[in-house]
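Presented below is the structure to which this report refers.
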Amino acid sequence: MLELSQNTLLAKPIDERSEALFNEQTFAVHQRTDRLFAWLLLLQWFAGALFACVNSPRTWTGSHSDVHIHVWTAIFLGALIISRPIYLIWTRPGQAVTRHSVAVGQMLYSALLIHISGGRIETHFHVFGSLAFLSFYRDWRVLITASLVVVADHVLRGIYFPQSIYGVNAIEPLRWIEHAWWVVFEDVFLINCCQANLKEMRAIAVRQAEVEITRDNVEELVKLRTLELQSSEQKLAAQLVENAQLANIVQWAGDAIVGQDLEGRITSWNKGAEAHFGYSSEEIKGKPGSILASQEQKEELEEQLVQCKAGATLAGLETQRTRKDGTTIDVSLTCSPVFDNQNNIIGFCKVMHNIGDRKEAERRVSEFYSIVSHELRTPLTSVRGALGLVENGVVEAGSADGAQLITVARESTDRLIRLINDILDLKKIESGKLELNLRPLAVDHLVSECLKALTGMSGPAQITLEKDLHFNGQIFADQDKTTQILTNLVSNAIKFSPEGSTVTVRTEARENMIRFTVVDKGPGISAADQRKLFEKFQQLDSSDTRQNGGTGLGLAISRALAQEQKGKIGLDSEPGQGSSFWFELPVVTVDPATNTNICKEPFSEASANKALSMARTVIIEFKNVLLVEDDANLAKVLSVHFSKSDYRTHWAGTIKDARTLLRSHRFDVVVLDLSLPDGSGLDLLEEIKSHPETESIPVIVVTGQTVDNRSVARATVADWLPKPFNTDELVGVIDRVTASSSVKAVMVSDCDTGVRMVVGSQLKALGLRCIEGLDQLKLVTREQNQLFPIVVYLSRELTEEEREALLLNEDMTGPQAPQMELLDAVSELIGGICK
Amino acid sequence: MKKLPAQLAYIAGSLLWLGLVCYGFQALLVYGARPGPQVSPQSKWPEKTALHLNTDSYTLVMFLHPQCPCSNATVTELSLLLAHCRSIKANVLFIRPKEFAPGWEKSILWTRVSNIPGAQAMVDVDGRERNLFAAETSGQCALYDRDGLLRFSGGITGSRGHEGDNRGLSQIEAIVDRQETAGSSITTGPTFGCPLRNNALEAAGTKACLN
């Protein structure tokens, strides 16, 4: 409190508040005393009247009496005396005029009381008692007022009625002093008491003001501190969150983050460290960091600590550390000092990144280069050796030995080319620059060509190559890359199959994908080896003693090629059970609206022949026959017959396969067997006829079942051939039912006249119409009233108008992408041939 | 401006109040200072009186109306006088009009007088002695010396019902102290109290207390 009151900043408000409090308190005292006197005055009045009634009730004249004047005086004069004080108490309580009026009234009533009591000494005590009561106001001025009334009463009575006070008739002008003295005597004490009370009240007011201001200040302070505390708490919370986040980041970082004190003891150990080294946080904290180092590395560790203690940060150190199980791992170490707020080093932070994979990769790359170096040098040695012998005349060039040596040189050169191609393909794959030429490919042709190319490899290995094509349609893929994949898988199968075994290539439809599976009877592959088989530079045996050669890139390249073509690759194998390597590629989706190929000059006889070949291919492949027959042998026979009649056969052994082919191809006719393993052919017939895109396809039913001629099925089919039937008859039916929708490839050419004449005559022999110009094309399309494939043989680029006219029928709109890709594919093809 | 009339009214009301109070006190004091009826006293001890003259010292004869409230102060002064002047023999006669029954005179005053040493309370039926001593006002005193000569006649209070120093008491004390003998003049003074006669006011030419 004292400190507060001495604070000059607060002194003024304390003074003001204490003054206000003091005034409030004194006012309250005045009001309270006023109310007290109101009752006192009334009581006195009543008591005075009663006293007069008792003491001098009547005045006598002989035997007659009347009410004594004292009674009337006590009642009426007494009432008059107290009337004004009481009125002011009622209307102006607490005010100075009120209490002074009370003082006057009280002393006047004392005089009255003394008079009506006959001047009794006892009654004079009323004066002194009244003064004492008036001191309750704690206002010395009130006492002065009361005393003045007493003095005035004595002075005036002493002058005008001396006998009533002094008992003498003579005026004694100074005798009032003797009476007034006793009043003054009491006043002195009472005034002293009033002042003391006032002083005490003032002190209390000051204390109260101090308390109030202190309380207010404390409240303000508390509010301020609370706000500061809340702010600090928020900041702390945010800091804690941030610290927690940082801690979590450190804790869950993949790298090992280890904290050490200045002595090298481990103080923190994150999850990454647990995963890297196998120690838990509880068991390694407090241990020296050298626990992670081998004996040989302890000196290196000490050196690192010394450098870090000096404030240096060691980054990117490649070293090894030891796990809990005793194995070592390669790590890239970064060691940095940890500072406190005063910039003192209090410990170290070590971040260890596992570089084992990189080391492994480097090792494999090194191994690869070793292999590649060997693979490069070996055939080069053969080439050089063979040619050297011929060059030096050791062997005659034209002799059998010479021919053999040349063959060896060529084969070695081929081997070099393959290796270089693999490496280049690998480079393209890694850089993402592999270019694909995606187009529809015939599965049968693809597989056949591949197997044919590998007969030279399978023959000496006494491996039989077979194909089992459950799907014989088209896939949308790059021919070279797909052939590469298939060749890789088949060649691997040949390499790892025992002599006399069979390698089978199977195709089957799987939803929108076609799976190629290469099945061998080799030793099989364990699950552990399977996981890494498709990685680069992976071989089951990369030692120098491996028997089967290769660069370890074949499967990696095959996987990349399959994935680039929106496919996938995998294998199923168990040790001792052989292996089934498979890859899947999308089924071709061709807009049946158009089928346009473009052959672009520059003109040459070769380009013209190529165009003819393409046209022929288009023409030959255009009549698509969907053969739905579960009997594979019958299907093969029919396929041969159909092919001789220029029909391209797509064989489906089940309803499910048939549906797949119908979704992906446009067919000119369907030959349908009713007895199928997964349902009735009538169901498929109903589906074909109920679908808008297939309802117009003529369906020829071949069945051994007997169906009512009047059945709905009979009504919807183009023809019905009971089994056994004549295949020629069937072909004839196909010819008949497809004759109305036969399309002929039309060649549009505006190139050189000579070329047009040569190419056109030969195409006409194939049944082609040769159209010159876009206008003729439009006439022909209106005549045919349908779309048909067109081979465009040009010496220039197509204009946009021509391109659009060729791609789209007037009455149809369709996606341009397939046509554009086809155009691009043909352009590339032409470009490649011309080069 | 509106406050001005209010203030003026307040001041006027205060002055009126004060004036009325002063007037009231003035009327009260005037009443108190008005003596009762008084006639010339007998200068010698009446021969027909039944009272006995004290031949050793002074004899004081006082007449009181038993119900006069102003006489309380007289009785108080009497007690002081007799306490100071023990040689005085006081005869205090209480007037009882004939229309009042015996015992009427035995008021508080009677009791007080009876308790004063040296004072004797007696009843004066119908005012016989009163007439002999020519007392008209309650509280009137007559002091006779041993020779029966009147030395003082009057009251021993300063005003009606007012105790305290007064001239009459001082005069009696002076007479007794000086032991004045015959030939000294008669001291007289006003008597403040109720008239002893019904028609005393008319005879004395004064008005009743109530006026």
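In what follows, every heavy atom counts, from backbone to side chain, and hydrogens, waters and symmetry copies are set aside.
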Q.
Is it true that, when you exclude A/Glu200 itself, more than 12 heavy atoms of the residues, nucleotides or ligands shown sit nearer than 6.0 Å to its CD?
A. no

Q) B/Gly24, B/Cys68, B/Pro69: which one forms the most heavy-atom pairs within less than 4.5 Å of chain A? A) B/Pro69

Q) Within a radius of less than 6.0 Å around OH of A/Tyr87, do more than 12 heavy atoms belonging to other residues, nucleotides or ligands occur? A) no

Q.
For a quick test of reading the model, state the closest non-hydrogen atom pair linking A/Thr59 to B/Cys194 and the distance between them.
A. OG1-SG, 3.8 Å

Q: Let me know if A/Leu80 has heavy atoms under 4.5 Å from chain B in its side chain, its backbone, both or neither.
A: both

Q. In this structure, are over 12 heavy atoms from other groups packed under 6.0 Å from A/Leu50 atom CG?
A. yes

**Q.** Greatest number of heavy atom pairs closer than 4.5 Å to chain A - which of B/Cys70, B/Gly168, B/Ser14, B/Ser138
**A.** B/Ser14

Q. Do you know which two heavy atoms are closest between B/Arg197 and A/Thr61, and how far apart they sit?
A. O-CG2, 3.4 Å

Q | Side chain, backbone, both or neither of A/Thr73 within contact of chain B (heavy atoms, under 4.5 Å) | A | side chain

Q: Using a cut-off of 6.0 Å, state whether more than 12 heavy atoms not belonging to B/Arg128 lie near its atom CZ.
A: yes

Q: Can you tell which part of B/Glu99 gets under 4.5 Å to a heavy atom of chain A, answering side chain, backbone, both or neither?
A: side chain

Q) B/Leu20 versus chain A, heavy atoms under 4.5 Å apart: side chain, backbone, both or neither? A) both

Q | Within 45° cone and under 6.0 Å: A/Arg92 NZ/CZ vs B/Tyr10 ring | A | yes

Q) Where do B/Leu28 and A/His70 come nearest, in terms of heavy atoms and distance? A) CD1-CD2, 3.9 Å

Q) Given that the side chain runs from C-beta out, which part of A/Leu112 has a heavy atom under 4.5 Å from chain B: side chain, backbone, both or neither? A) both

Q: Using a cut-off of 6.0 Å, state whether more than 12 heavy atoms not belonging to B/Tyr23 lie near its atom OH.
A: no

Q. Say you draw a straight line from CH2 of A/Trp60 to CG of B/Asn198; how long is it, rounded to the nearest 0.5 Å?
A. 10.0 Å

Q. In Å and rounded to the nearest 0.5 Å, what is the OG to NE2 distance from A/Ser117 to B/His162?
A. 8.5 Å

Q | Point-to-point distance, once rounded to the nearest 0.5 Å, from OG of A/Ser63 to CG of B/Leu196 | A | 11.5 Å

Q | Distance (rounded to the nearest 0.5 Å) between B/His65 NE2 and A/Ser65 OG | A | 8.0 Å

**Q.** Full working for side-chain contact (heavy atoms from CB on, under 4.5 Å) between A/Leu108 and B/Phe25
**A.** CA-CA 9 Å; A/Leu108 286 175; B/Phe25 271 101; 4.1 Å; yes

Q) Where is the tightest heavy-atom contact between A/Pro85 and B/Trp17, given as atom of each residue plus distance? A) CD-CZ2, 4.4 Å

Q. Near A/Phe128 CZ, under 6.0 Å, is it more than 12 heavy atoms from other residues, nucleotides or ligands?
A. yes

Q | CG-CD1 distance between A/Asn55 and B/Ile108, expressed to the nearest 0.5 angstrom | A | 8.5 Å

Q) Less than 6.0 Å separating the ring centroids of A/His115 and B/Tyr31? A) no

